[in-house]
Student: 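This is the structure, below, for whatever I ask next.
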Amino acid sequence: MSNDPTKKTALVTGASRGIGKAIALTLSAAGHRVLCVSRSQSSFQPVVDAILESGGEARGYAVDVASSQEVKAACAGILSEFGQVDILVNNAGITRDGLVMRMSDEDWNAVIQTNLSSCFYWTRELIRPMASKRWGRVINIASVVGLMGNYGQANYAAAKAGVLGLTKSVAKEFASRSITVNAVAPGFIETDMTAALDDKVKEAMLKVIPMKRFGKVDDIAGIVKFLASSDSDYITGQVFTVDGGMVM
Ligand code: NAP
């Protein structure tokens, strides 16, 4: 790793696949050092290798984002090595769908911990050095489901709605330190998470998307790149839906 002080350090959770991978590659192409977090080395290593091969700087970390202790330990190591993380992208997420009457405590808790508590854990550990430096970015990947609710996704919708509340609260707490905190709410994006859905569900989704196509991972990476840059200096506490016009 270089000690180039002009390089910003970005940390992306869930960087091994789908939206997080696209964000990691895009932030690297924008000139940032990228710390890629996923559950295992075997999942993050191909992304780290791709960044290194393209001449960028990257490091991978196997962390269960649902574990406060694991996030705390990882952040201690990262801060002692890099001093601060300038851009935090909380993207890791899972679904455990089921109708509310049949939803187990385990499926409820797994989704809340992985999709919501994780954002709190990483933010709490990494925001203090951003505040000292008087510059920082926190970008939380929520979902339109957090705005609209969805059949069979009470846990996921609650977690994503919680992410929006967290985003706005942290934005207020740190606005005076020039740290911006925003959320991106994707609609239906083509990734492993949505590949598993039934064709009938996909057809029904297409009918309510005015642009008549599903989103691509780069549709999300593009707005994250903008929110991570100084072009968005005066934007905080906002939710950006990227969904082909589904929620207006
Ligand atoms: P994905 O393809 O299923 O990838 C999920 C990523 O999260 C993987 O990198 C995975 O790591 C990581 N992850 C999951 N649980 C983790 C844990 N406990 N600890 C560490 N890493 C964990 O998902 P995606 O579709 O790209 O979604 C990314 C984000 O966008 C999620 O927050 C999702 O809710 C949100 N979103 C997606 C859509 C969509 O249509 N796809 C729509 C709205 C919002 P491993 O590879 O190690 O498992």
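Atoms within each ligand, like the ligands themselves, are counted from 1 in listed order. This one's a predicted model, so the numbers in the text were calculated from it and none came from an experiment.
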Student: Considering Ile189, Asn115, Val242, Val145 one by one, which has a heavy atom nearer to atom 40 (O) of ligand 1 than any of the others?
Tutor: Ile189
Student: From atom 34 (O) of ligand 1, work out which of Tyr156, Phe44, Tyr61 has a heavy atom at the shortest distance.
Tutor: Tyr156
Student: Run the side-chain contact (heavy atoms from CB on, under 4.5 Å) test on Ser68 and Arg124 for me, step by step, so that the C-alpha distance in whole Å, both residues' side-chain angles and the decisive distance to 0.1 Å come before the verdict.
Tutor: CA-CA 10 Å; Ser68 173; Arg124 181 179 57 185; 3.4 Å; yes
Student: Which pairs with one or both residues in residues 208-220 pass side-chain hydrogen bond (donor to acceptor under 3.5 Å, both in side chains), sequence neighbours excluded?
Tutor: Glu190-Lys216, Arg213-Asp219
Student: I want to confirm something. Looking only at heavy atoms, which of Val111, Asp243, Asn91 is nearest to atom 32 (O) of ligand 1?
Tutor: Asn91
Student: Against heavy atoms of Ser43, which atoms of ligand 1 measure under 4.0 Å?
Tutor: 45 (P), 46 (O), 47 (O)
Student: Counting only heavy atoms closer than 4.0 Å, does ligand 1 sit against the backbone of Ile94, its side chain, both, or neither?
Tutor: side chain
Student: Mark the output for Ala142 as yes if a heavy-atom distance to ligand 1 is under 4.0 Å, and as no if none is.
Tutor: yes
Student: Treat each ILVMFWY residue as a node, draw an edge where side-chain heavy atoms are under 4.5 Å apart, and state whether Met193 and Ile189 are in one component.
Tutor: no
Student: At a 4.0 Å threshold, what atoms of ligand 1 neighbour a non-hydrogen atom of Gly187?
Tutor: 38 (C), 40 (O), 42 (C), 43 (C)
Student: What do we get for Val63 next to ligand 1 when only non-hydrogen atoms under 4.0 Å count, side chain, backbone, both or neither?
Tutor: backbone
Student: Check whether any heavy atom of Thr114 sits under 4.0 Å from an atom of ligand 1.
Tutor: yes
Student: Checking Val138 against Thr167 for the side-chain contact (heavy atoms from CB on, under 4.5 Å) test, could you report, in this order, the C-alpha distance in whole Å, the side-chain angles of both residues, the deciding distance, and whether it holds?
Tutor: CA-CA 8 Å; Val138 180; Thr167 300; over 6 Å; no
Student: Does Gln113 come within less than 4.0 Å of ligand 1, judged by its heavy atoms?
Tutor: no
Student: Using a heavy-atom cut-off of under 4.0 Å, does the side chain or the backbone of Asp64 touch ligand 1, or both, or neither?
Tutor: both
Student: What donor-acceptor contacts under 3.5 angstrom involve side-chain atoms of residues 177-188, with partners at least two apart or in another chain?
Tutor:
from, atom 1, to, atom 2, distance (Å)
Thr180, OG1, Arg137, NH1, 3.3
Asn182, OD1, Gly237, N, 3.2
Asn182, OD1, Gln238, N, 2.9
Asn182, ND2, Ile235, O, 3.0

